[in-house]
Amino acid sequence: MIVTIGKDKLLKLLHMQLENNFSLDKNDIFILDGCIDKALLKAENCYAGNTNKYYWDCDANLVFNPYHSSQYSIFLYFLSRTVFLSGHRELADKTYYLNRMMNSCDLYYEVELPDIFFIDHPIGSVIGRGVFGNYFAFRHNCTVGGNHGLFPRFGELVCLFSNSTVIGNYIVGDNV
């Protein structure tokens, strides 16, 4: 996968964004630097499952542009989840919150999104707890969440169009 600004500039961008909005110490930087490769691999796998023209260049190379908000939102989700799974909740909180501030999309790191999912204009979306099949997609202003401890389950190839809401114990099958 081609990172349009390069991995070093991507790390510098992340450090700057997190430092300017929260604070980073040397340990935070060490953790971020140690998690970025795994997050990039997760993002690459996710992007490769998408056919959206913005994920590919004219030579059919997979491209990650951190200035494309949908791509950056997916990457920040994978980074915050990777940081969380490595045992660093406070830094995961900062990374999650950065994603929320920049993209107006709530993708909490404790929610296990599928390996391959797609976002198109995610502004105003809250994707909460549920079980998600691969190729889950959502547009702006979508909500997924629980009701009295019950959460929805989604099959593969499910797309929530703008203003969709799925709350509680619902099953949405495949190809919906």
Side-chain angles (χ1 to χ4, degrees), residues 1 3-25 27-50 52 54-55 62-130 132 134-146 154 159-160 162 164-165:
M1 174 175 71
V3 179
T4 59
I5 64 172
K7 182 179 150 187
D8 290 340
K9 283 189 178 180
L10 176 62
L11 268 171
K12 185 177 179 180
L13 176 68
L14 273 167
H15 295 168
M16 183 179 62
Q17 289 171 336
L18 288 165
E19 176 62 35
N20 287 341
N21 287 287
F22 311 105
S23 66
L24 291 181
D25 59 30
N27 190 51
D28 290 336
I29 292 170
F30 178 77
I31 294 164
L32 278 173
D33 293 358
C35 288
I36 193 164
D37 286 334
K38 186 171 183 177
L40 281 169
L41 283 173
K42 297 285 283 177
E44 179 177 13
N45 181 57
C46 182
Y47 301 157
N50 290 308
N52 185 291
Y54 297 110
Y55 289 73
L62 186 60
V63 175
F64 167 38
N65 178 356
Y67 304 124
H68 181 282
S69 66
S70 295
Q71 287 184 346
Y72 200 47
S73 187
I74 291 169
F75 167 73
L76 287 173
Y77 162 76
F78 282 125
L79 182 60
S80 65
R81 182 148 174 86
T82 301
V83 169
F84 168 69
L85 292 174
S86 72
H88 302 281
R89 181 179 286 275
E90 183 177 318
L91 183 56
D93 283 337
K94 292 175 185 179
T95 309
Y96 152 75
Y97 195 46
L98 177 67
N99 194 10
R100 198 167 159 199
M101 289 174 12
M102 293 187 68
N103 300 297
S104 298
C105 181
D106 194 321
L107 299 174
Y108 193 50
Y109 54 77
E110 286 189 12
V111 174
E112 186 175 353
L113 290 171
D115 291 334
I116 301 169
F117 67 98
F118 180 70
I119 299 172
D120 191 20
H121 306 288
I123 294 172
S125 292
V126 178
I127 306 302
R129 299 199 196 292
F132 302 90
N134 273 324
Y135 305 98
F136 176 73
F138 64 94
R139 305 307 195 263
H140 63 276
N141 206 32
C142 291
T143 301
V144 172
F154 299 88
C159 181
L160 299 181
S162 301
S164 297
T165 299

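What's counted below: heavy atoms across the whole structure, side chains too, no hydrogens, waters or symmetry copies.
Salt-bridge check for Glu110 with Arg89: passed, with a basic side-chain N closer than 4.0 Å to an acidic carboxylate O.
Distance CG/Leu98 to CG/Leu79: 9.5 Å, rounded to 0.5 Å. Atom-to-atom distance recorded for Leu10:CG and Ile36:CD1 is 4.0 Å, nearest 0.5 angstrom. How far CZ of Phe132 is from CZ of Phe117: 10.0 Å, rounded to the nearest 0.5 Å. For the atom pair Ser69 OG and Ile119 CD1, the distance stands at 8.5 Å (nearest 0.5 Å). Atoms CZ and CG, from Phe78 and Leu85 in turn, are 11.5 Å apart once rounded to the nearest 0.5 Å. Here NE2 of His15 is found 7.0 Å from CG of Leu24. Values are rounded to the nearest 0.5 Å.
Considering only heavy atoms from C-beta on, Gln71 comes within 4.5 Å of Tyr55 through its side chain. Residues Thr95 and Phe84 have side chains not in contact (no heavy-atom distance under 4.5 Å, counting atoms from C-beta outward). At a threshold of 4.5 Å between non-hydrogen side-chain atoms, the residues Arg129 and Tyr108 count as touching. Within the 4.5 Å cutoff, the side chain of Tyr77 has no heavy atoms near those of the Cys46 side chain. Arg139 is listed as a side-chain neighbour of Phe118, based on a closest heavy-atom distance under 4.5 Å. You'll find the side chain of Met102 reaches within 4.5 Å of the side chain of Gln17, heavy atoms only. Side-chain contact between Leu14 and Leu76: present, with at least one pair of heavy atoms (C-beta onward) separated by less than 4.5 Å. In this structure, the side chains of Val83 and Tyr96 stay at 4.5 Å or more apart for every pair of heavy atoms.
A donor-acceptor pair under 3.5 Å links the side-chain atoms of Ser125 to the main chain of Cys142, judged by distance alone.
Heavy-atom minimum distance, Asp37 versus Lys7: OD1-NZ, 2.5 Å. For Val63 against Thr4, the heavy-atom pair with the smallest separation is CG1-CG2, 3.3 Å. Nearest heavy-atom pair across Ala92 and Ser80 is CB-O, 3.5 Å.
Side-chain contact, Asn65 with Tyr72: no donor N or O sits under 3.5 Å from an acceptor N or O.
Around OH of Tyr97, the count of heavy atoms belonging to other residues, nucleotides or ligands within 6.0 Å does not exceed 12. In Asp8, the CG atom is not crowded: 12 or fewer heavy atoms of neighbouring residues, nucleotides or ligands sit closer than 6.0 Å. When the shell of 6.0 Å around NE2 of His121 is examined, it contains 12 or fewer heavy atoms from other residues, nucleotides or ligands.
In this structure, the side chain to side chain contact (heavy atoms under 4.5 Å, CB included) partners of Asn134, at least two apart in sequence or on a different chain, are Pro114, Asp115, Ile116, Glu156. In this view, Lys94 and Asp28, Glu90 satisfy the salt bridge (charged side-chain N to carboxylate O under 4.0 Å, His left out) rule, not counting sequence neighbours.
Tested against Tyr109, the residues Asp93, Thr82, Asn99 include a single side-chain hydrogen bond (donor to acceptor under 3.5 Å, both in side chains) partner, Asp93.
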